[in-house]
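Structure first, commentary second.
Note on naming: letters A, B, ... go to the chains in the order of the sequence lines (proteins, then strands), and numbering restarts at 1 for each one.
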There are 2 protein chains.
Amino acid sequence: MLDKQKKVAEILEVTGKANGVCPVQDFLAHFANKWSMLVVLNLGHLESPRFNELKGKVVGISQRMLTVTLRSLERDGLISRRLYAEVPPRVEYQLTPLGGSLLDVMMSLGDWASVNQVEIAKARKNFERRSKNRMEKISVGG
Amino acid sequence: MLDKQKKVAEILEVTGKANGVCPVQDFLAHFANKWSMLVVLNLGHLESPRFNELKGKVVGISQRMLTVTLRSLERDGLISRRLYAEVPPRVEYQLTPLGGSLLDVMMSLGDWASVNQVEIAKARKNFERRSKNRMEKISVGG
DNA sequence: CGGTATCCTTGGAGATACTG
DNA sequence: CAGTATCTCCAAGGATACCG
């Protein structure tokens, strides 16, 4: 319990210092966009998929966003890109070991989200109800 | 190893179905903003801090964004808010058990980020170098 | 097939001023 | 002290058309 607090303190310690950025914050700034983690998950599932194969799996992504996302992940060393000099060209993507390690973290995050999504939804409903009551008191005359 | 693939498959399975959203995706959509996780971390570190105390710790946050962030976390049941009817008013925030469980996940994410930030930075430098070479070939005549 | 290039929209977030 | 209320800006992301 107190170990936990201490560990949090360590993580936050960096944050205050000159130019120090919280690792969690830093992570989110880079990877917490609409598609990156979905692509990582799909690459953990498929084996060396091609561009359009991936596009088919990542439901709703546009060609542009898939390109942007893949470049960004490649840039950070999470995925590798292999271009085969054929006509028409073939490009395959796969997770690097680094990307694979991130996949583990994402899975425990996925676990947490799966387990607790009901409780969160419940909390949200409760919160709505409470604020609605306040509204009703105000708008009785409407 | 194959267990891992299978688990990823489960997480992604929801995604394809009608109105199904990937838990990871869902998580990010709600919590992956600029301040939420920083606030959660700070609440894991401090004990029942007051509004301005928190504002002092979360470096760079504005009054507005702290309010917005706290409301959102409260709405999702991750933190609780206690208002003491004093003059001037005193408000204290703390993590709920749900929020505490999220803190654990964030800490393993923080671990990953801390351990791998060097490798990521290196990968990024490498990537820049490679694209710069391409640029130089193009702009020789400039 | 696997991308770029371009234009456009939207909402997250900052700055500032005011309040119970 | 602990917030609201506005206004504003910018960059993430979508739509569409073209390219090696």
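Nearest nucleotide to the A:P89 side chain, out of C:dA13, C:dG3, C:dC1: C:dC1. You'll find that the side chain of A:K34 is closest to D:dG14, out of D:dT4, D:dG14, C:dG3. Considering only side-chain atoms of A:R50, the nucleotide from C:dG14, D:dG14, C:dG2 that sits closest is C:dG2.
Note that CG of A:N33 and CG of B:L28 are 8.5 Å apart. Values are rounded to the nearest 0.5 Å. To the nearest 0.5 Å, atoms CG (B:L41) and CD (A:Q25) are separated by 9.0 Å.
Spacing between atom CG of A:L70 and atom C1' of C:dT4 amounts to 15 Å, rounded to whole angstrom units. Taking atom CG on B:L66 and atom C1' on C:dA13, their separation rounds to 14 Å, with Å as the unit. A straight line from CG of B:L54 to C1' of D:dA2 spans 12 Å, rounded to a whole angstrom. Rounded to whole Å, the distance from CG on A:L38 to P on D:dG13 is 12 Å. The distance between atom CZ of A:R71 and atom C1' of D:dG13, rounded to the nearest whole Å, is 17 Å. Going from atom CZ of A:R82 over to atom C1' of C:dG3 covers 20 Å, rounded to whole Å. Between the C1' atom of C:dG2 and the CD1 atom of A:I79 lies a distance of 14 Å, rounded to the nearest Å. As rounded to whole Å, 10 Å separates atom C1' of C:dG14 from atom CH2 of B:W35.
DNA chain D is contacted by both A:Q63 and B:T67; B:T67 maps to the nucleotide lying nearer its 5′ end (nearest heavy atom per residue). In terms of position along DNA chain D, the nucleotide closest to B:E92 lies nearer the 5' end than the nucleotide closest to the other residue of the pair A:A32 and B:E92.
Looking only at distances, a side-chain donor or acceptor of B:T96 sits under 3.5 Å from a matching main-chain atom of B:G77. In this structure, the side chain of A:S72 does not engage the main chain of A:V68 through any donor-acceptor pair within 3.5 Å.
The number of heavy atoms from other shown groups lying within 6.0 Å of CD (B:E86) is above 12.
Applying the 3.5 Å distance criterion, the base of C:dA13 shares a donor-acceptor pair with the side chain of B:R64.
A:Y93 comes within 4.0 angstrom of sugar-phosphate atoms only, judged by non-hydrogen atoms across all strands, and of no base.
Note on A:N33: every side-chain N or O is 4.0 Å or more away from OP1 and OP2 of D:dA12. A close approach under 4.0 Å does not occur between any side-chain nitrogen or oxygen of B:K55 and OP1 or OP2 of D:dG3.
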